[in-house]
Amino acid sequence: MTFNEFVATRPITDNPFGDFVAEVQRNKDFPPVEKWAEIRDYVFDRRLRRGALAAAQSVWRAYLRAKRSK
C-alpha cells in the first residue's frame, strides 16, 4: 500500500488530520510520495496553513503503522 492509497481510504474528519487528508484527496496534482521529506516539501511549497505540517506528520505516522500491521 502506498501513502496515496492509504490517504484515499481515510475519512475526512473535522480535525487537522482530516484537513490534511482532504487536501490530499482533493488535490489531483498531489504527487506519489515514498518519503516523509516529499510530504514536508509539499506542505512548504503549497504554503498550507498553520498546523498543516504537524497534521501531515500525523497522517504519515498513521500510514507507517498501517503499513507495518499488514
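Quantities reported herein were computed from a predicted structural model and do not represent experimental measurements. The first residue of the sequence shown is numbered 1, and numbering continues consecutively from there. All heavy atoms count here, side chains included; hydrogens, waters and symmetry mates do not.
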Arg40 CZ to Asp45 CG distance, which is reported to the nearest 0.5 Å: 10.0 Å
Once rounded to the nearest 0.5 Å, what's the spacing between atom CG of Asp14 and atom CG of Asp19? 7.0 Å
Which pair of non-hydrogen atoms, one from [X] and one from [Y], has the smallest distance, and what is that distance?
X     : Y     : value
Leu53 : Phe44 : CD2-CZ, 3.8 Å
Ala56 : Val43 : CB-CG2, 4.0 Å
Pro16 : Ala55 : O-CB, 3.2 Å
Gly18 : Asn15 : N-OD1, 2.7 Å
Glu23 : Tyr42 : OE2-OH, 2.5 Å
Gln25 : Val7  : NE2-O, 2.8 Å

Is the positively charged end of Arg10 above the ring of Phe6, judged by distance under 6.0 angstrom from the centroid and angle within 45° of the axis? yes
Over 12 foreign heavy atoms within 6.0 Å of CD, Glu38: yes
List the steps, then state whether side chain to side chain contact (heavy atoms under 4.5 Å, CB included) holds for Arg46 with Asn27. CA-CA 11 Å; Arg46 300 269 303 181; Asn27 183 353; 3.5 Å; yes
Parallel, tilted or perpendicular: which one describes the rings of Phe3 and Phe20, with boundaries at 30° and 60°? tilted
Using side chain to side chain contact (heavy atoms under 4.5 Å, CB included), reason through Gln57 and Trp36 one step at a time and then give a plain yes or no. CA-CA 8 Å; Gln57 193 167 38; Trp36 162 247; 3.7 Å; yes
Sub-3.5 Å donor-acceptor pair from the side chain of Asn4 to the main-chain atoms of Pro31, do we have one? yes
